[in-house]
Amino acid sequence: MRPDYLVLRSLVKVFGTGENTFTAVDNVNVEVQEGELVTLLGPSGCGKTTTLRMISGFEIPTSGEIFIDGEDVSTTPPNQRPTTMVFQNYALFPHLTVFENIAYGLKIRRDSKENIRKTAEKIMLLVGLEGLAERSPAQLSGGQQQRVSLARSLVMEPKVLLLDEPLSNLDAKLRVSTRLEIRKLQQRVGITSVYVTHDQEEAMTLSDRVVIMHQGKIMQIGTPQAIYAKPANRFVADFIGKANFLEGRIGSLASRNEIVLDIMGQKFQVLVQPDSFSEGARVLLVVRPESVNLEPKKPDTLTGTVQEAVYLGSQMVYEVDVAKNIITVEVANPQEHLVFKAGEEVTISFQGKSLHILPYEEAH
Ligand SMILES: Nc1ncnc2c1ncn2[C@@H]1O[C@H](COP(=O)(O)OP(=O)(O)OP(=O)(O)O)[C@@H](O)[C@H]1O
Ligand SMILES: [Mg+2]
């Protein structure tokens, strides 16, 4: 397995000229391993599609390089790159059948009739389109159309498969089942893939690794678990999952990898990377809602007042006012005797191991 199968090196894309320039992609560096599925995730306008279009060759980088399987493809025209792209709107030919749509690229490539038939049939079976070969796209559901689109890309056996929000035209339920299908298919075929989405749940469930982008820049690259547990900055912590931010200061260095935080006048022991913060440093404590414990109020503890209590079946969601900080708390499988009501005073504590500390940063 090549660790550097797809390499984006110092990629920059500036649109416009003169005073009206806009940097859509700002020094992006990514290495994708062979067979890996990497997602570009970030809010609208952060440069995901532009990055993908540079990989496919539809957009020429202002500067930087792109390598695929060791070859510099930075200036290779799109039709000569070993990539294919799956789009959000499928872009199927309406007057061609499913089979003809899938076979189209092979036909252009002048494969033999026999080879085209065999390859297309194999792919149709793979993506679950058997029996639909003679239908026209208009006679298919949205999910089936997206499968044709995927099949049409896979049939070309690209080195890198590019997918730009391929599920956003499907309804919520179909989106969830189709993303699982895509993931299974991608693993079965073992194809190196770059997947663009602004849906964090989609990215988390699909990806080997996620690239978080913001304003053209990479904020963090990592596995979904690493990004959730150890967000690199406030933007990532806020964008991935829900997070409470508490300001604090590092107290004394209690032991090699433990520090004492002084938050809202209360001292907390927290596990962190050794040496990553100096004594007295101003920091943000990232607390996930499921890492907060609530109990009936006890003396000499950190206490707060429940502002809102919402029962969602599998969990209770609370908003707790702790010295004017509103903290969101999620309790899984709530026990009836431990459900708190609005107005109740509670003792609040944090599960030390799941806390994460960042250098202090203002809210956006
Ligand atoms: N051809 C262009 N000319 C000028 N600006 C452009 C051009 N293409 C994209 N941009 C700008 O570059 C920025 C990044 O666009 P891009 O399409 O890459 O965003 P995105 O992350 O894919 O967003 P979305 O989630 O909305 O699809 C945006 O501000 C966009 O307006
Ligand atoms: Mg886009």
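Values in this document were obtained by computation on a predicted structure and should not be read as measured data. We count ligands from 1, going down the list as the structure has it; atoms in each ligand are counted the same way. Any value given below was found using the heavy atoms of this structure, including those in side chains, with hydrogens, waters and symmetry copies removed.
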query = Should R2 and E34 be marked as a salt bridge (Lys or Arg N to Asp or Glu O under 4.0 Å) after you check the CA-CA gap, both sets of side-chain angles, and the distance that decides it?
reply = CA-CA 5 Å; R2 254 191 111 113; E34 195 171 355; over 6 Å; no
Identity and separation of the nearest protein heavy atom to [atom]:
| atom | value |
| --- | --- |
| atom 1 (N) of ligand 1 | F15 CE2, 3.5 Å |
| atom 26 (O) of ligand 1 | S44 OG, 2.5 Å |
| atom 16 (P) of ligand 1 | T50 OG1, 3.5 Å |
| atom 12 (O) of ligand 1 | A24 CB, 3.3 Å |
| atom 25 (O) of ligand 1 | K48 NZ, 2.8 Å |

ask   = What is the ring orientation for F235 with H214, classed by angle as parallel under 30°, tilted 30 to 60°, or perpendicular over 60°?
value = parallel
note = CD of E319 to CD of Q307, rounded to nearest 0.5 Å, is 8.0 Å
Close-contact set for ligand 1 against T49 heavy atoms, below 4.0 Å = 17 (O), 18 (O), 20 (P), 22 (O), 27 (O)
query = Does the N or O separation between G45 and ligand 1 drop below 3.5 Å for any pair?
reply = yes
inquiry  = Please check whether G47 reaches ligand 1 - meaning an N/O of the residue sits under 3.5 Å from an N/O of the ligand, judged on distance alone.
reply    = yes
ask   = Hey, is E165 touching ligand 1 through its side chain, its backbone, both or neither, going by heavy atoms under 4.0 Å?
value = side chain
query = Is any protein N, O or S atom closer than 2.8 Å to the Mg ion (ligand 2), and if so, which?
reply = T49 OG1
Assess the side chains of [X] and [Y]: does a donor N or O sit below 3.5 Å from an acceptor N or O?
| X | Y | value |
| --- | --- | --- |
| R147 | Q144 | no |
| D199 | T197 | no |
| D321 | T305 | no |

query = Distance below 4.0 Å between atom 30 (C) of ligand 1 and any protein heavy atom?
reply = no
message = Yes or no, since that's all I need: does a protein heavy atom fall within a distance strictly under 4.0 Å of atom 3 (N) of ligand 1?
response = yes
ask   = Take atom NZ in K159; do more than 12 heavy atoms of anything else shown fall under 6.0 Å from it?
value = yes
query = Counting only heavy atoms not in E100, do more than 12 fall under 6.0 Å of its CD?
reply = yes
ask   = Touching ligand 1 at all, G16? Heavy atoms, strictly under 4.0 Å?
value = no
query = Does C46 reach ligand 1, in the sense of a heavy atom lying below 4.0 Å from it?
reply = yes
query = Between the side chain of N244 and the main-chain N/O of V287, is any donor-acceptor distance below 3.5 Å?
reply = yes
message = I need the full list of ring-ring contact (aromatic ring centres under 6.0 Å, His included) pairs touching residues 94-118, with sequence neighbours left out, sorted by first then second residue.
response = F93-Y104
task = Carefully, step by step, assess S44 and H198 under the rule side-chain contact (heavy atoms from CB on, under 4.5 Å).
result = CA-CA 7 Å; S44 183; H198 62 262; 5.9 Å; no
query = Is the shortest distance from a Lys or Arg side-chain nitrogen in K173 or D171 to a carboxylate oxygen in the other one below 4.0 Å?
reply = no
